[in-house]
Amino acid sequence: MSDTGNVTVEDELTDVVVIGGGPIGMFTAFYSAMRNLDVQLIDSLPQLGGQVAALYPEKPIHDIAGFVSGTGAELIANLQRQIDSFGDRIGVHVNEEVQGLERLDDGTFVLTTKQRSVHTRSVIVAIGSGAFAPRPLAIDYDRDGLDGSKVFYFVKRLADFAGKNVVVAGGGDAAIDWALELEKIAGHVTLVHRRDNFRALESSVAQLRESSVEILTPYKFVDVVNEDAGLRIDLAQVKGDAQPSLHVDALLVNYGFTSDNHLLRDWGLPVKRGDLQVNEYLETEVPGIYGVGDAVNYPGKVKLISAGFGEVPRAVNHLSEELYPDRKQPLHS
Ligand SMILES: Cc1cc2nc3c(=O)[nH]c(=O)nc-3n(C[C@H](O)[C@H](O)[C@H](O)COP(=O)(O)OP(=O)(O)OC[C@H]3O[C@@H](n4cnc5c(N)ncnc54)[C@H](O)[C@@H]3O)c2cc1C
């Protein structure tokens, strides 16, 4: 491995890079390691788990064989445990978006993120509907100066908000869940939403209304300005005249996520209606590049977790046979 500026160049040739650490990418990394392949797993979000971790960690999941009424977070924790059991074979890199994918003359690939470049013999694309990014506040504010210090789109450590005066923006499950979590440790929590109604579980909304969280609806954001001691947040009442300013320590924005998979085309891969086209082995028309999970389509495709899990052994066993023809196909583990 060598360092050129801030970019780490991995000199070693790995067997497979899995792009995307959603549930299907996580299982792909684990299953590949079980087949004695060396794996690098890369995800653009700060945590693994894809849609499940980012959008519905608390939702029960009922339609996965042998997983009885667990939540999304429990499913991801189980997958993480499987990955950890092969820690020496699996390199995990979060907060890194794969931007470049280049096929070399010898049939190997170089993948690049802003932080590293990885040399691999094969690639499994598990990017779902594409790289996730939190939907930003729809106003012009000093993102470079404030994001990560006073304006947040993720909670990395709840304890960082202890005793603080916090505004939570949004009206969905995530906004309400965070407002209720913050209420336990923050000095004061205000929830600001541009509608009177919330798009969240009735039980959570009821809990919110009984909590000490101050609810400001329907208000929209007009400006967010740095102040020595904190933030000034200027609001405007929707269909009203009120224009209050709040002086707080931090703003946590929960406007959901956007996704974008234009990179598939940039990488020269076959895409139809936004989906990667694969054959019965989940291989694209580019030898050595496979796709699994929500990212792909083929006749009979079902975009569910259990269906994506089922694709993984098909892809990995075929890939393993291509890379190591002398290795036998497994009957079972
Ligand atoms: C509200 C909701 C409820 C659902 N409930 C169920 C359910 O009960 N049962 C069920 O089976 N399914 C359910 N689904 C569908 C299920 O979540 C998806 O089928 C599943 O998440 C697909 O997994 P995946 O790993 O293919 O993709 P994703 O979960 O979308 O993960 C893809 C990952 O790839 C990363 N990524 C993308 N591009 C890049 C890049 N260029 N570089 C690095 N990383 C990248 C993304 O950040 C993301 O983490 C639900 C979906 C939603 C939205």
Side-chain angles (χ1 to χ4, degrees), residues 17-31 40-76 79-80 83 91-101 109 111-118 120 123-135 153-154 172-174 177 199-201 256-267 269 271 274-276 278 282 289-298 301-312 315:
V17 171
V18 182
I19 311 177
I24 314 308
M26 292 178 81
F27 184 55
T28 306
F30 162 72
Y31 191 87
Q40 302 289 322
L41 174 65
I42 307 177
D43 198 285
S44 51
L45 288 177
Q47 86 270 329
L48 294 179
Q51 294 176 46
V52 184
L55 302 181
Y56 58 97
E58 297 305 322
K59 187 178 92 70
I61 300 179
H62 298 292
D63 54 356
I64 296 178
F67 183 71
V68 184
S69 294
T71 62
E74 282 162 351
L75 175 70
I76 298 306
L79 288 163
Q80 182 69 57
I83 287 181
V92 178
H93 313 284
V94 290
N95 238 339
E96 291 190 30
E97 183 185 12
V98 175
Q99 294 174 331
L101 196 175
F109 303 90
L111 276 78
T112 44
T113 71
K114 276 193 183 143
Q115 293 86 343
R116 79 189 64 245
S117 119
V118 188
T120 180
V123 178
I124 301 185
V125 178
I127 65 171
S129 341
F132 274 55
R135 201 184 297 280
Y153 287 89
F154 294 101
D173 279 305
D177 289 351
R199 283 170 291 106
L201 278 176
F257 291 83
T258 58
S259 60
D260 175 2
N261 66 0
H262 75 276
L263 281 168
L264 292 177
R265 286 187 200 281
D266 295 355
W267 296 339
L269 297 176
V271 178
D275 294 324
L276 187 59
V278 291
L282 289 307
I289 299 189
Y290 293 71
V292 290
D294 275 15
V296 304
N297 211 345
Y298 52 83
K301 167 72 188 173
V302 178
K303 291 200 177 185
L304 282 175
I305 296 166
S306 52
F309 283 165
E311 291 163 0
V312 172

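Keep in mind that the numbers below use all heavy atoms, side chains included, and drop hydrogens, waters and symmetry copies. Whatever order the structure lists them in is the order used to number ligands and atoms, beginning at 1. As the structure is a prediction and not an experimental result, all values here were calculated from the model.
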Interfacing atoms of ligand 1 (cut-off 4.0 Å, heavy-atom, E96): 43 (C)
Have a look at ligand 1 and work out which part of A307, if any, has a heavy atom under 4.0 Å from it: side chain, backbone, both or neither. neither
Quick one: does any side-chain atom of S129 pair with a main-chain N or O of S259 as donor and acceptor, under 3.5 Å?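 Judged by distance alone, no pair lies under 3.5 Å.
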Region of N261 engaging ligand 1 - heavy atom pairs below 4.0 Å: neither
Would you mind running through ligand 1 and noting each atom that sits below 4.0 Å from a heavy atom of K303? 19 (O)
Protein contact of atom 41 (N) of ligand 1 - nearest heavy atom, named by residue and atom, plus distance: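 Looking only at protein heavy atoms, the one closest to atom 41 (N) of ligand 1 is V98 O, 3.1 Å.
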Which residue owns the protein heavy atom closest to atom 50 (C) of ligand 1, what's the atom, and how far is it?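 Atom 50 (C) of ligand 1 sits closest to the protein heavy atom Y56 OH, 3.2 Å.
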Taking atom 9 (N) of ligand 1 as the reference point, the nearest protein heavy atom with its distance: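 Minimum-distance protein heavy atom for atom 9 (N) of ligand 1 reads D63 OD1, 3.0 Å.
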Evaluate L111 against F109 for side chain to side chain contact (heavy atoms under 4.5 Å, CB included), listing each step before the verdict. CA-CA 6 Å; L111 276 78; F109 303 90; 4.1 Å; yes
From I127 atom CD1 to I42 atom CD1, the distance as rounded to the nearest 0.5 Å: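 I127 atom CD1 to I42 atom CD1 measures 12.5 Å (nearest 0.5 Å).
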Give the atoms of ligand 1, by number and element, whose distance to some non-hydrogen atom of I42 is under 4.0 Å.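 Under 4.0 Å from I42, ligand 1 has these atoms: 43 (C), 44 (N).
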What part of L48, side chain, backbone, both or neither, has a heavy atom within less than 4.0 angstrom of ligand 1? neither
Starting from atom 36 (N) of ligand 1, which protein heavy atom do you reach first, and at what distance in Å?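 Answer for atom 36 (N) of ligand 1: S44 OG, 3.8 Å.
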Shortest protein heavy-atom distance from atom 31 (O) of ligand 1, along with the residue and atom involved: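 For this ligand atom, the closest protein heavy atom is G22 CA, 3.4 Å.
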Taking 4.0 angstrom as the limit and counting only heavy atoms of G293, give me the atoms of ligand 1 inside it, by number and element.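 Counting from 1, the qualifying ligand atoms are 26 (O).
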Enumerate the atoms of ligand 1 whose separation from the nearest heavy atom of D43 is less than 4.0 angstrom.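 This gives 33 (C), 34 (O), 35 (C), 43 (C), 44 (N), 46 (C), 47 (O), 48 (C), 49 (O) as the contact atoms.
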Give the residue, atom name and distance (to 0.1 Å) of the protein heavy atom nearest atom 11 (O) of ligand 1.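 Among all protein heavy atoms, the one nearest atom 11 (O) of ligand 1 is I305 N, 2.9 Å.
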How close does the nearest protein non-hydrogen atom get to atom 39 (C) of ligand 1, and which residue and atom is it? I127 CG2, 3.7 Å
For ligand 1, indicate whether the residue L263 contacts it via side chain, backbone, both or neither (heavy-atom separation under 4.0 Å). side chain
Would you mind running through ligand 1 and noting each atom that sits below 4.0 Å from a heavy atom of G50?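 So the answer, numbered in order with elements, is 29 (O), 31 (O), 48 (C), 49 (O).
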Starting from atom 12 (N) of ligand 1, find the nearest protein heavy-atom neighbour and note its residue, name and distance. L304 CD2, 3.5 Å
